[in-house]
Amino acid sequence: MTDAYTLVKLLHILSSTVLFGTGIGTAFQMLMAARDGRPEVVARVAAQVVWADWWFTTPAVVVQPVSGLALVHLAGYSLGEPWLLASLALYAVAGAAWLPVVVIQRRLRDLAETAAAAGLPLSQAWRRLFRLWFLLGWPGFGAVVGIFALMVIRPG
């Protein structure tokens, strides 16, 4: 029989995989749509990215701290351990980058839909927002990679 720790660890690994994989996948799709430049393509992809964040990323964002804290408790670690504090700080960095990205994605979708409906190219406002969206992705990506590293090389 599998113990609670192993089941929670599996849940934690799977949700982190969904979080990271969805982030990488949606970022790639948005980048490729932006490079295409056609408002109708961008609008369609941005709409799918917004949905992917709601269906996949958001549940994983909720599961991660819950399963992580459960693992800390089940393994008998102290929350004051430096590697855990660092992972929590990195999670906060990732969240601080992700929350505005979610809002920006919705705005990018709306601006692209408006441009597509009017038969116009993507606006300068869209391009500025896309650059901000792209830039915010890097600290989030780096923070998640850092968390993975801490989980693998943690002491003990």
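For the single chain, residues carry numbers from 1 onward in sequence order.
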* For Leu120 and Pro39, work out which heavy atoms get closest and say how close. => O-CG, 3.1 Å
* **Closest approach of Leu84 to Ser78 (non-hydrogen atoms, all atoms of both residues)** => CD1-O, 3.2 Å
* **Side chain to side chain, Met30 and Leu108, heavy atoms closer than 4.5 Å** => yes
* Structure fact -> Only residue of Gln105, Gln48, Arg106 satisfying side chain to side chain donor-acceptor pair (under 3.5 Å) with Asp53 is Gln105
* Is there a side-chain contact between Trp98 and Thr57, using heavy atoms and a 4.5 Å cut-off? -> yes
* **Close side-chain approach of Leu69 and His73, heavy atoms under 4.5 Å** => no
* Leu85 CG to Leu90 CG distance, which is reported to the nearest 0.5 Å -> 11.0 Å
* Non-hydrogen atoms of Gly23 and Thr26 that approach each other most closely -> O-OG1, 3.4 Å
* To do: Please answer: with hydrophobic residues joined when any side-chain heavy atoms are less than 4.5 Å apart, are Val145 and Val93 in the same cluster?
  => no
* Quick one: closest heavy-atom pair of Ala97 and Pro100, and the distance? => O-CD, 3.4 Å
* To do: Examine Met151 and Leu11 and state if one hydrophobic cluster contains both, with Ile, Leu, Val, Met, Phe, Trp and Tyr joined whenever side-chain heavy atoms are less than 4.5 Å apart.
  => no
* Asked: Taking atom OG of Ser67 and atom CG of Leu7, what is their separation to the nearest 0.5 Å?
  -> 12.0 Å
* Structure fact -> When rounded to the nearest 0.5 Å, the distance separating CD of Gln64 from CD1 of Ile13 is 10.0 Å
* To do: Search all heavy atoms of Ala33 against all heavy atoms of Val42 and return the closest pair with its distance.
  => O-CG2, 3.3 Å
* Going through the checks in order, is the side chain to side chain contact (heavy atoms under 4.5 Å, CB included) test met by Leu79 and Leu88? -> CA-CA 9 Å; Leu79 275 176; Leu88 291 171; 4.3 Å; yes
* To do: Is it possible for you to say whether Val103 and Leu135 belong to one hydrophobic cluster, with membership spreading through side-chain heavy-atom contacts below 4.5 Å?
  => no
* Fit a plane to each ring of Tyr77 and Trp83, take the angle between them on a 0 to 90° scale, and name the class: parallel (under 30°), tilted (30 to 60°) or perpendicular (over 60°). => perpendicular
* Is Val66 reachable from Leu10 through a run of I, L, V, M, F, W or Y residues, each pair having side-chain heavy atoms under 4.5 Å apart? -> no
* Shared-cluster residues of Leu71, by chain and number - hydrophobic side chains joined below 4.5 Å -> Tyr5, Val8, Leu74
* To do: Indicate yes or no: at least one non-hydrogen side-chain atom of Phe130 is less than 4.5 angstrom from one of Leu31.
  => yes
* To do: Grab the two heavy atoms, one from Arg109 and one from Ala43, that are nearest each other, plus how far apart they are.
  => CG-O, 4.0 Å
* Quick one: are Val61 and Leu19 in side-chain contact, heavy atoms under 4.5 Å? -> yes
* Asked: Between CG of Asp3 and NZ of Lys9, what distance do you get to the nearest 0.5 Å?
  -> 10.0 Å
* Should the ring pair Phe134 and Trp138 be called parallel, tilted or perpendicular, given that the plane angle runs from 0 to 90° and is split at 30 and 60? -> perpendicular
* Structure fact -> So CD1 of Ile147 and CZ of Phe20: to nearest 0.5 Å the spacing works out to 10.5 Å
* So do Trp51 and Phe56 actually touch side chain to side chain, heavy atoms under 4.5 Å? -> no
* Asked: If two hydrophobic side chains count as joined below 4.5 Å and joins carry through other members, does Leu132 share a cluster with Phe28?
  -> yes
